Each structure stands twice: as C-alpha cells, then as structure tokens.
2 protein chains.
Amino acid sequence: MGGMKVRGRMSRVRPTIEDVARAAGVSRATASRVINNAPGASGPLRARVSAAVAELGYQPNETARALASGRQRAVDVVAVTYGPGPGWLATHPYFSRVLAGMMPVLERVDAQLRLHAVGLRSSAAAIDEIADNAGLGVVLADITPALAVRVHRRCRRTVSLVPTAPSVPGVEADNIGGAYAAVNELHQRGCRRIAAIHGPAANPCAIDRRTGYRQAVDALGLAELSADGDFRREGGYHAAQRLLEQHPDIDAMFIACDLMAAGAIQAITASGRRVPHDISIIGFDDSIAAVCTNPPLTTMRLPVEDMAAAATRLLLEGTPSAGYRQRFPVDLVVRDSTCR
Amino acid sequence: MGGMKVRGRMSRVRPTIEDVARAAGVSRATASRVINNAPGASGPLRARVSAAVAELGYQPNETARALASGRQRAVDVVAVTYGPGPGWLATHPYFSRVLAGMMPVLERVDAQLRLHAVGLRSSAAAIDEIADNAGLGVVLADITPALAVRVHRRCRRTVSLVPTAPSVPGVEADNIGGAYAAVNELHQRGCRRIAAIHGPAANPCAIDRRTGYRQAVDALGLAELSADGDFRREGGYHAAQRLLEQHPDIDAMFIACDLMAAGAIQAITASGRRVPHDISIIGFDDSIAAVCTNPPLTTMRLPVEDMAAAATRLLLEGTPSAGYRQRFPVDLVVRDSTCR
DNA sequence: TTGAAAGCGCTAACAA
DNA sequence: TTGTTAGCGCTTTCAA
C-alpha cells in the first residue's frame, strides 16, 4: 500500500524532498538539483522550488544524503586516552587546541567534527568501527603507533598529529628537536644541573621529548636527572618534589608539558626556592597553562592549532599518500621562568 | 542491469550485509538479526553469520543504519562563540570540561559526539540545520536565549547548560547565588572595597554573575566597583589594571572566571601589590587555570562536568519536557588567594 | 531542461 | 525460526 502519511494540522512530520517537489509541481530530481545548486535545472522552476522550500521550512536529511551520495560532511577525531579514565584528555589543554584549530576550517566548508574517545583497552574493535564509518577523514589526535596503523589500513584518509608509524600520514612537530633546544637554551644560560620531568612512558610525544633531553644532556656532557610525570599538574608537582629531594643542587628543569610545569613551579616555590632565581624552568606546549603560572613560563611552543588546521585541510583536499609528512617547528617562547 | 560488482582479488570494496548473508547462506534479515543481537534467529545460523562477519571483516554502515531505523548514535553539541573568531571557545577551559563530562557517558552507550561551532552572525540558518538533523539530542553548551528557543522549537530533545528561556530544558548552575556567596565570603573576611571583573555583556552566565555581585554589594551596603572583561586572561589583566588605577584602595576582587582571575593576579603582582595580603581574590569556575596560578585560586566551583554528564543522560533517557530544570549548586573552594 | 526510476545499505513489518 | 519485501530520504544515471 502506498504510505498515505497521516499529516493533520498539528502534525509535525518533517517535510521531505518529495513534499517540496509536489508543492512546486516538479519532480524529485529537479527539486534535488535546485536544492543542491546543481546545474541542469532552471529559470522559473528554480524559483518555484525555492519558494516551496521556504514555505515548508524544508531541511535536507543529511543521513539520507550521505547514504545516497556516499559523501559525508564530517571529520572524525579520535583520541585514545592514556590517562586515568576517559575524559582526562578532554580536560587537557592540548585537546582543546586541536579542536580550536580544526573548527574554523571545518566551519568554512560547513562540515562537522565527530569526536571519539577511545579507552586504551576497548580500542581495537572500536577503532575498526570508527575507521570504517569515517566521514571526510580521521584526525588522530593522540594514539599509539599500532592503533594508528590499524586505522590507516581501514581508512586511507587519515592523518596523525602525533608520531606513529612511517606509513601513516602525519602532521608532526619536532618534539626531539624542541626538547634538545630547550636543554641547550638552559645550558647557554649557565645551568649545569638540568633535570627533566617526562610524560607518560607510552605516549609517543613524550617519548620523543625524552629522547631530545637525553641527546642534549649527552652532547653537553651533563648528568641525566629524570623523573616521570603524567602530563598532569599533580604529576609535575610530585615529580619536582622528588627531584628536589634527590638532587638538591638542581639549577634547571626541562618539563615535557606546561601543565606539569605549573605543578613543578608550585612545588619548587613550596620548597622555599624561587623561579627563576634558584631554578630555571622551560616547559613544553605553550598552552593556556603557560601564561597562568607565576612567573609566566618560558616554553617550547607546539603549534597545535596550526597542525590541526593543516591536518584538516589535508583531509579536505583528498587522500594523503601513505607516508606523507608535514613538519612543524617547535620554537622557544621566552617568558619569565628562565633567569638572566 | 543488476550491478555485477567488480571485486577482483585486490579490490577493497567494503562488504555489505548482503555479502555476509550470502556467505552465511541466510537471508539479509537473519544476518541483520544476529548482527544486532536481536531475538528471533538462532542456533547454527547465528554461528554461521558470525563466522561470515569475522571472515569478511564486516562492519555495519552506520549511515544506512541510521536512515533505515530512524535512530542515530550521536549527540550534538552546539556552541555559539561570542569571542574573537571561532575557536576561541574551544580554547576556553569551560568547553573542554563539557566534553570531558559528556564523553564518558557517551562512551558507555557507544555513541559519538558531534561538535558544531556557530558564529554569532551565521547562526540562524545554521542552527536550523543542526536542530533538524540532530541525533539523540542537542546539548547547548553556550548560546543566546533567542537561539536556544529556535533550536528547541525544531528539536525537542534539547538541553541547555546555560540560562536561556523558560521553555528550554536546562541543567543550570546557580550563577547568581555563587557570585553573591563570593562577595559575602570576601566581606566576612574583612574586605570592604570589593571590586568585580565581569564577563561579556551578552553572555547569559556572565549576566547572572554580575547580578549576583550587584545584589550582594547592595545588600552589604558596599560600593559597586565594576570593570568589564571578556572571559579571557588578557581581559582580566587589563580590567584589573584599570580597577587598580581608578580605585587604588580596593581590597578584594570578585572575578567572573578563573582565566580572567589568572590575568588579574599578574596585573596585581605587577603593580607591586600582593595576593592575598593586599588584595583577596575569588574567581569563578574552578577550571584548570585555578590551580595553575600562584597563589592557587580560591574560587566558586561550577560543576561543569557533572552538569554536562547530567544533560547527556537526560537526552539518552528520552525527551525532556519543556521547562525542565535541574539545578546544580556553586560551592566555594578555598585555596590561597583569599587572606586570613 | 525535465522526469522516471534505480539504487545507497540497512531495518522492520509481514508471511511463510 | 526464517525469508520476502517494502521502504528510510535522498542522489544520480538514463531517457525523453
């Protein structure tokens, strides 16, 4: 039976393109053409259809559109959370910045952003589903190399913002170089006992920053004084406490993220020492935390917004070739946590 | 002609449920049943289908699923940005917190989160499209009353996290009461020249906090000493400077958000005054900024994560009735920016 | 330029 | 329990 839709005066059934076509006295095809501003439909008909659209308050059903055309208007962002519980990443300034970088470019093409938080455990299956149902592409905001490869295998329109595997297209920052430069800067300012507070052992960015610190300290003939953090303020606080206790003669710290640096400053201050007078500090990220501390942080700027915007544009343009790389520098931003 | 799909050895055409059914030697309906874990299909067939799914690496097409079933598996979040350019909201700690609150509850039901950043101008049309294509529901993270009404008119499954119109379901914090309590706290601690730094004039939360400040100051018989900010650190810095210049005898500040408070502390410190010795400060939000400052901020805690989680659960449960309200308290969190 | 008609991949009556 | 058959609302050949 033809589906004789009940549509009383009060009924709020959303009008379909069929309704528009009928109201305009044209075929669905024609209605579709003018609605999509496509060629091959014209003159008075365009006007009639437009009028019908306006009168009915018609809005295309994006789901149907996506199914029929095979195109979607959303970019997927996936972040596997290393931290305690899902949600902690969302709280981290880094994550806000990737969103902040992506939104303006998406808004310009009128696309949305789909967020997927994936627990480190539940991931494998969830990852496949995301990859298979990806829209315009997927941006890997934070992920392990293994998982990145898995996504890329199922969806070529993928870009990672963190170091992963050689095959996965990436928009990367020079984490190693940045960390190296930070230690060098500290050394040039006369510091000789340069400690470090690192990020999570499994985090690819943290790994690179750790590597950069080690290389620099080796090259300069300094002692390695490391403590492990978790990219959170609390972790930075406690790591700094430990460092101060074990090595009271520390005169500088390189800290793998600003949030931890904020905690470290508090620990240092609480121990009776002053920043930068007694201990110089260089953070990493140049996130919102860097300008909230007292003194404001000297830090290595990670151009997250730029990177996220570049990744998004890349996806919008097409499918990046396997192994694609775009590199971003990590520059020193001098504020007040370094002496001299 | 029947679409004889070309599917050579190397071809990577995604398998459909049709393929699964064929491979398992069952009908599409049966395949669908076992894939969806629905009743009315069983024993050996379930096994055969599962095997086929595994072998083919089948993943349901969510778009087709949504169209056919009329159900979606995503919640929409909309934020109209008051600030300079899109993206600034995403940078603000508030926004991260709503995401952080929503993600865990969405992850539990395996749903996604769709983000829509809407410029204050481009909004009306964009808003309609979002409302008409909403999934499980829409969470209004930041919006004007007019726009909120507009969304709610087109999509009943809407909840706002900020004060809007009476009809729009809301999960609200007691902004007025919080601001009032802050001023009272300052007064009880002996402060008598209590200034305020407010948020954007058009922001509903900012409006309420301003109201709370005025009411308190009136009730206590104190002078109103107000400056306008923008919910950003820079704005807080400059507002504090102005305040200090115009009213050098200020002994406390109530600041409508922690980010501005961070800026204010820097301005106060730069002027040679000390926090809290010379000037006590109470912020608002209890965001990440509150614990990064030096000294850490005494602030009024806005339970954003809880509110966002509650809003999400509400949407997941069904359609909130018009005018629905759930209220959250705004409690004092004492840290070190208040004297005594 | 316009319309008829065949799907997109799936779900959900309805029959068997 | 299983399969058959309509659609979901739209885009897009293909004819006219």
Side-chain angles (χ1 to χ4, degrees), chain A residues 1-7 13-50 52-53 56-73 129 132-135, chain B residues 1-7 13-50 52-53 56-73 129 132-135:
Chain A
M1 306 288 87
M4 193 40 156
K5 282 181 209 164
V6 180
R7 191 174 300 214
V13 181
R14 226 178 119 182
T16 70
I17 197 173
E18 179 78 51
D19 298 319
V20 171
R22 199 179 312 131
V26 302
S27 71
R28 248 163 43 207
T30 299
S32 175
R33 289 183 191 112
V34 3
I35 288 166
N36 290 292
N37 229 316
S42 220
L45 288 207
R46 277 197 128 71
R48 295 227 306 269
V49 172
S50 301
V53 165
L56 298 178
Y58 171 77
Q59 281 282 349
N61 177 322
E62 289 303 331
T63 304
R65 223 178 212 185
L67 181 60
S69 68
R71 285 174 246 118
Q72 291 204 228
R73 277 183 24 207
E129 194 197 319
D132 278 337
N133 285 291
Chain B
M1 306 290 90
M4 193 38 157
K5 281 181 210 164
V6 181
R7 192 175 299 215
V13 182
R14 228 179 119 180
T16 72
I17 198 173
E18 180 78 52
D19 299 319
V20 172
R22 198 179 313 132
V26 302
S27 72
R28 249 167 40 211
T30 297
S32 175
R33 286 182 193 115
V34 3
I35 288 165
N36 290 292
N37 229 315
S42 218
L45 288 206
R46 277 197 128 69
R48 296 226 307 268
V49 172
S50 301
V53 165
L56 298 178
Y58 171 77
Q59 281 282 347
N61 177 322
E62 289 302 332
T63 303
R65 220 177 216 184
L67 180 60
S69 69
R71 283 175 246 118
Q72 290 204 233
R73 277 182 26 204
E129 194 197 319
D132 278 337
N133 286 292

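The basis for the numbers below is simple: all heavy atoms, side chains too, and nothing from hydrogens, waters or symmetry mates. Fair warning: this is a prediction, and the values are worked out from it, not measured in the lab.
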Colleague: Counting distance alone, no hydrogens or angles: does the base of D:dG3 have a donor or acceptor under 3.5 Å from a partner atom on the side chain of B:R33?
Modeller: yes
Colleague: Go nucleotide by nucleotide along DNA chain D from the 5' end; which of B:T30 and B:A64 gets its closest nucleotide reached first?
Modeller: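 Residue closer to the 5' terminus by nearest nucleotide: B:T30.
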Colleague: Rounded to whole angstroms, how far apart are CD on B:Q72 and P on D:dC8?
Modeller: 17 Å
Colleague: What is the distance, to the nearest angstrom, from the CG atom on B:D132 to the C1' atom on D:dC10?
Modeller: 15 Å
Colleague: Starting at atom CG of A:L56, determine the distance to atom P of D:dG9, rounded to an integer number of angstrom.
Modeller: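 Distance check: A:L56 CG to D:dG9 P gives 15 Å.
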Colleague: Ignoring backbone atoms, test whether B:T16 places a side-chain nitrogen or oxygen under 4.0 Å from the OP1 or OP2 oxygen of C:dG9.
Modeller: no
Colleague: Please figure out whether B:A29 or B:T63 has its closest DNA chain C nucleotide nearer the 5' end.
Modeller: B:T63
Colleague: Where the side chain of A:S32 is concerned, which of D:dG9, D:dT12, D:dG7 is the nearest nucleotide?
Modeller: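 Of D:dG9, D:dT12, D:dG7, D:dT12 is nearest to the side chain of A:S32.
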Colleague: Answer yes or no: is there a donor N or O on one side and an acceptor on the other, between the side chain of A:N133 and the main chain of B:E62, under 3.5 Å?
Modeller: yes
Colleague: Starting from P on C:dT11, measure out to CG on B:N37 and report it in whole angstrom.
Modeller: 12 Å
Colleague: Give one of base, sugar-phosphate or nothing for B:S69, where a contact means two heavy atoms less than 4.0 Å apart.
Modeller: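 Sugar-phosphate contact only - B:S69 comes under 4.0 Å of backbone atoms but never of a base.
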Colleague: Measure from the side chain of B:R71, starting at C-beta and using heavy atoms only, and say which of C:dA12, D:dT12, C:dT2 lies closest.
Modeller: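 Of C:dA12, D:dT12, C:dT2, C:dA12 is nearest to the side chain of B:R71.
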Colleague: OH of A:Y58 versus P of D:dG9: gap in Å, rounded?
Modeller: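 After rounding, the gap between these two atoms is 10 Å.
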Colleague: Once you apply a heavy-atom cut-off of 4.0 Å, does A:G40 come out as touching a base, just sugar-phosphate, or nothing?
Modeller: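 Touches a base.
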Colleague: Give the nucleotide from the list D:dT11, C:dT11, C:dT2 with an atom nearest to the side chain of B:I17.
Modeller: C:dT11
Colleague: Return the minimal non-hydrogen interatomic distance between A:I35 and A:Y58, and the atom names on each side.
Modeller: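 In terms of heavy atoms, the two residues are closest at CD1-CE2, 3.5 Å.
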Colleague: Closest approach to the side chain of B:R28, judged atom by atom: which nucleotide of D:dG9, C:dT11, C:dT2 is it?
Modeller: C:dT11
Colleague: Give a yes/no answer on whether the side chain of A:N36 brings an N or O atom under 4.0 Å of OP1 or OP2 in D:dT11.
Modeller: yes
Colleague: Measure CG/A:D19 against C1'/D:dG9 and give the value in whole Å, please.
Modeller: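 My rounded result for the distance is 10 Å.
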Colleague: When the distance from CG of B:L67 to P of D:dT11 is rounded to whole Å, what number comes out?
Modeller: 12 Å
Colleague: Using the closest heavy atom to pick a nucleotide of DNA chain D for each, name whichever of B:A68 or B:P44 lands nearer the 5' end.
Modeller: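 Residue closer to the 5' terminus by nearest nucleotide: B:P44.
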Colleague: For the pair A:S32 (side chain) and A:R28 (backbone), establish whether a donor and an acceptor sit closer than 3.5 Å, ignoring hydrogens and angles.
Modeller: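 No, the answer is negative, given that no donor and acceptor are paired below the 3.5 Å cut-off.
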Colleague: Could you walk me through whether A:L45 and A:R33 satisfy the side-chain contact (heavy atoms from CB on, under 4.5 Å) test, starting with their C-alpha distance in whole Å, then the side-chain angles of each, then the deciding distance to 0.1 Å, before giving a yes or no?
Modeller: CA-CA 10 Å; A:L45 288 207; A:R33 289 183 191 112; over 6 Å; no
Colleague: Using whole Å, report how far CZ of A:R14 lies from P of D:dC10.
Modeller: 7 Å
Colleague: Is the shortest side-chain heavy-atom distance between A:V26 and A:R46 below 4.5 Å?
Modeller: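 They are not in side-chain contact.
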Colleague: Have a look at A:R46 and say if it touches a base, only the backbone sugar-phosphate, or nothing, with a 4.0 Å heavy-atom cut-off.
Modeller: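 No contact at all - A:R46 keeps every heavy atom at 4.0 Å or more from the nucleic acid.
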Colleague: Considering only C:dT2, C:dC8, C:dC10, which nucleotide approaches the side chain of B:N61 most closely?
Modeller: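 Side chain of B:N61 sits closest to C:dC10.
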Colleague: Has B:R73 got a side-chain atom pairing as donor or acceptor with B:G135's backbone, closer than 3.5 angstrom?
Modeller: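 Such a contact is absent between B:R73 side chain and B:G135 backbone.
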